[in-house]
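Working notes, structure below.
Per chain, numbering begins at 1; letters A, B, ... match sequence-line order. What's counted below: heavy atoms across the whole structure, side chains too, no hydrogens, waters or symmetry copies. Because the structure is predicted, anything quoted here is derived from the model rather than measured.
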There are 2 protein chains.
Amino acid sequence: MALGKNYDGQDCSLAKALELIGERWTLLVIRDALYGVRRFGDFLAHLEIPRAVLSQRLGMLVEAGLFTRRRYQESPPRDEYVLTEIGQELWPTVYTLAKWGERHLSREPMRLFHHVGCGAELDQGAVCPPCGVRPALSQIEVRPGPGLDREKRDQVTLALRQPHRLLEPLLP
Amino acid sequence: MALGKNYDGQDCSLAKALELIGERWTLLVIRDALYGVRRFGDFLAHLEIPRAVLSQRLGMLVEAGLFTRRRYQESPPRDEYVLTEIGQELWPTVYTLAKWGERHLSREPMRLFHHVGCGAELDQGAVCPPCGVRPALSQIEVRPGPGLDREKRDQVTLALRQPHRLLEPLLP
DNA sequence: CACCATAGTTCATTCATCGAACCGACCGTG
DNA sequence: CACGGTCGGTTCGATGAATGAACTATGGTG
């Protein structure tokens, strides 16, 4: 979409949230970051998003405090974009929306989310049914599901063919 | 904004969900419908959305099965837009995102959500803490919170100054 | 009949996205 | 040290969506 950006009249926390993360592509960038994507080029290849838009979105998300930009090597200088605590707290929103899409718009799940401790699959509310808790992100593993795409060949897609913990860097 | 509409490459249930509800204004329309707004003119006045956009969105949401359009009086002919079961299932997404916005972007909550049975306020996961369940929508009451807007004067805003059950028609 | 209300559609302007081309820093190689 | 390649951007013209004001259609009200 192009979400124009502001919802001026709406004195509502949902509208404020949407001013930040409601623009086209933004929530997909955050989803990728939850999966462990960190570098500009990896977001670019996985999302097939125009470079200018990705650049604008990452800049805005850093500005808003959802990501930090961190130099991870000096020569050549390279930065990575990592979710802050605030950004990480969007996980329940991302998860419940993806589950909704899965129930109503897909035939089979493309990814499955499991609690690392006990191995059980998370329920609709991101709770681990046997344990009765919402696991921390570091205790959640993404696994490929039966409906998974076979077409895409970018590094991120390939890396996600293996089970992987959320937030762990996905690529070297 | 303009959210372009499709995320072609993304074989992912989140992307499919965003193709439906990721466009500008769409999630706010759904939030209003959860509050009990049903008529074209009420969405219009409360959201201050351009008429053409509201018309396009409602048409698309009916098409997609998130709303039904129902004639509620014959003379003059008037239709109302009501959430289907599928649309209602977006409640957890809407709620968790609004709560996120409340924690990080507002000082005080503008609306509070209580379980009708026991009167307790819902937690971050839309669960009623004493009861340990996620109440059905009909068992949730929206109440005005301390941060509430005093400016707006449209019918919907005024009606929401009183406690009100979700989905119950907000206006006569 | 004049006038109002509701629910739209039409249309010109403005603004965001798109995608290809370009840029600049740095590396490795010969 | 020239050459080509990679990474992470910025720039720019074309396209498409959102905006807001004006207009249409239908039916009621006084």
Could you state the CG-C1' distance from B:Leu47 to D:dA18, rounded to the nearest angstrom? 15 Å

Taken to the nearest whole Å, CG/A:Leu171 to C1'/D:dC7 is 14 Å

Residues which pass salt bridge (Lys or Arg N to Asp or Glu O under 4.0 Å) with B:Arg69, listed by chain and number, not counting sequence neighbours: B:Asp79

To the nearest 0.5 angstrom, please state how far the CG atom of A:Leu28 sits from the CD1 atom of A:Ile21. 11.0 Å

Between the side chains of A:Glu19 and A:Lys16, is the shortest nitrogen-to-carboxylate-oxygen separation below 4.0 Å, so that they form an ion pair? no

Looking only at side-chain N and O atoms, does A:Trp25 come under 4.0 Å of OP1 or OP2 in C:dA16? no

How close or far is atom P of C:dA25 from atom CD of A:Glu74, stated in whole angstroms? 16 Å

Count I, L, V, M, F, W, Y as connected when their side-chain heavy atoms are under 4.5 Å apart, and connections chain through other members. Are B:Leu122 and B:Val127 then in the same cluster? no

Whole-Å distance, A:Arg38 CZ to D:dC7 P, equals 18 Å

Protein within reach of the bases, or only the backbone? For nucleotides 2-10 of chain C, mark each nucleotide 5' to 3' as B, S or -, using heavy atoms under 4.0 Å. ----SBBBB

Is it true that B:Glu80 and B:Arg78 have a side-chain N and a carboxylate O under 4.0 angstrom from each other? no

Starting at CD1 of A:Ile49 and ending at C1' of C:dA20, how long is that distance when rounded to a whole Å? 16 Å

For D:dT19 and B:Arg24 - does any side-chain N or O of the residue sit under 4.0 Å from the phosphate oxygens OP1/OP2? yes

Whole-Å distance, B:Leu28 CG to D:dA18 C1', equals 15 Å

Linking I/L/V/M/F/W/Y whenever their side-chain heavy atoms sit closer than 4.5 Å, directly or via other members, would B:Ile140 and B:Leu112 fall into one cluster? no

Rounded to whole angstrom units, what separation is found between the CD atom of A:Glu48 and the C1' atom of C:dT17? 16 Å

